[in-house]
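Model, not experiment: these values are computed from the prediction. Just the heavy atoms: all of them, side chains too, but no hydrogens, waters or symmetry mates, feed the values below. In each ligand, atom 1 is the first atom listed, and ligand 1 is the first ligand listed.
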Amino acid sequence: MSNKPILYKSTNQRAPAVNFEQALLKGIAPDGGLYMPEGIPRLSPGEIHGFSDAAYHEIAFAIGRKFLTGEIPEGDLRRIVIDAYDFEVPLERVYDRKYVMRLDQGPTASFKDFAARMMGRLMQYFLDRKSGKLLILTATSGDTGSAIANAFYGLDNVKVVVLFPEKEVTARQRKQMTTLGRNVTILSLNGKFDDCQALVKQAFADSELDYLNLSSANSINIGRLIPQTMYYFYSFAKLRSGDLDEEVIFSVPSGNFGDLCGGLIAMNMGLPVRKFIVATNENDEFPKFVESGIYEKLVPSRNCISSAMNVGHPSNIPRLVALYGGNMDEQGVINTAPDLDRIREDMYAVSINDGETEAMIKDAYEEHGLLLEPHGSVSWAGLQRYLQENREERDQLCISLETAHPAKFPEKIREILSLDPELPPSLQGLEERKESYEHLPEGYPAFKSFLRDNY
Ligand SMILES: *Cc1c(COP(=O)(O)O)cnc(C)c1O
């Protein structure tokens, strides 16, 4: 294998290509675009089939080294993936060859742990070598904040400040962030998620804060994208029949489309994917786009019970468009049309409303004993819709992604199924732990003073 680093180019095409380290630490390209690998590395069918007996971290290593060659020595990369992926990835058989992949066994019981844990360790690695420091600012409406806070907790060179709207997160979500301490600082605000996001954006744009080396850990960072290719390989390797021509159908519950872009990159690396079911909630800008070829962002976004997918303009769509030869800017304007025929060939996009999401939680449990939370239910419902409309596909291997643990949504599950999902180990004992967070007065000046006084 060549030892030349892969370069990462901006989807806006007006910034120089950089290596992985620079793309990771910068987050967003200077032209406002998103970083994408200039050439997507390939895995041979032999390499992919060879994963059948491998542990998750071994597959993560084999994929990670393709992207990081020449930038991280293999011994260090191996240590990073072993440390990041020390939890199970259950593949639950539902019926025939239909499976649910549970990505909910990490420390915050969200699939965001996969990306956040690896990104945090990669940042730590690069900063260590140059004695650099970073201050991560993140606004959250719940899941992202806890995944990032947990992933960076205890790292030496990275400090984290998370802003959350006091009244918009559940007590359990709040405690997942506020019981950590050390390098993690949590600030609450009156107001909405958008207000938190606005403060973070203002801080990034404030040159008087340049000395803090601010960075964001949101879903556009290339460091989050690459780890999201790995579980696609893992699940296919574990579930394939042995037939060398076999292909797999994945169903992906989509909000900001980072998860889906990870899958599309996996396919471009050689994973034999027959179809991606792209399942959204009522925020249906993507299914509409696939149908009509016209992209219109939804402002404001629609509130659905799969709350982590309430996104009116998914920030990873420009990456998807780039993978199909098109160009879209960060505002959602298409400058060059992507190959829609090819998009339709690879993807089946479907919007599932709240009524259907709730009904599927009930049906899946009653028919198959399958316990889903709202995001996983959107995904499973999307897959069922596809199989109904395409009956010739009935015998294919299908894997639906479950992105959060049902115990994160106890009220909804109780209401629909009259049962209390068992807490995974990661969420146990949370009630008793001591919380610590500060309430921030309104307005940017208070936030800025907080940052200057404390960092
Ligand atoms: C973030 C999230 C999603 C959506 O993932 P994207 O990569 O943003 O499409 C789905 N389900 C859960 C539980 C999430 O937290």
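A salt bridge is absent between Lys412 and Glu373; no separation between the charged side-chain nitrogens and carboxylate oxygens falls under 4.0 Å. Ion pairing between a basic and an acidic side chain is recognised when a charged N comes within 4.0 Å of a carboxylate O; Asp284 and Lys288 show such pairing.
Annotation: atom 8 (O) of ligand 1 to nearest protein heavy atom, Asn256 N, 2.7 Å. What sits closest to atom 14 (C) of ligand 1 on the protein, heavy atoms only, is Lys112 NZ, 2.9 Å. Protein heavy atom at the shortest distance from atom 13 (C) of ligand 1 is Thr403 OG1, 3.4 Å. Counting only heavy atoms of the protein, atom 4 (C) of ligand 1 lies nearest to Gly255 N, 3.7 Å. At the top of the distance list for atom 3 (C) of ligand 1, counting protein heavy atoms only, stands Phe111 CE2, 3.7 Å. The protein atom (non-hydrogen) at minimum distance from atom 7 (O) of ligand 1 is Asp259 N, 2.9 Å.
In summary, the aromatic rings of Phe114 and Phe87 are positioned with their centroids under 6.0 Å apart.
Less than 4.0 angstrom separates some heavy atom of Gly258 from each of these atoms of ligand 1: 6 (P), 7 (O), 9 (O). Within ligand 1, the atoms closer than 4.0 Å to a non-hydrogen atom of Ser254 are 9 (O), numbered from 1 in the order shown.
For Tyr153, there are no ring-ring contact (aromatic ring centres under 6.0 Å, His included) partners at least two apart in sequence or on another chain. Partners of Tyr295 by side chain to side chain donor-acceptor pair (under 3.5 Å), not counting sequence neighbours, listed by chain and number: His313.
Taking only nitrogen or oxygen atoms, main chain and side chain alike, Met309 does not reach within less than 3.5 Å of ligand 1.
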Does the side chain to side chain donor-acceptor pair (under 3.5 Å) test come out yes or no for Tyr324 and Asp346, once each step is laid out?
CA-CA 10 Å; Tyr324 288 86; Asp346 291 349; 2.6 Å; yes
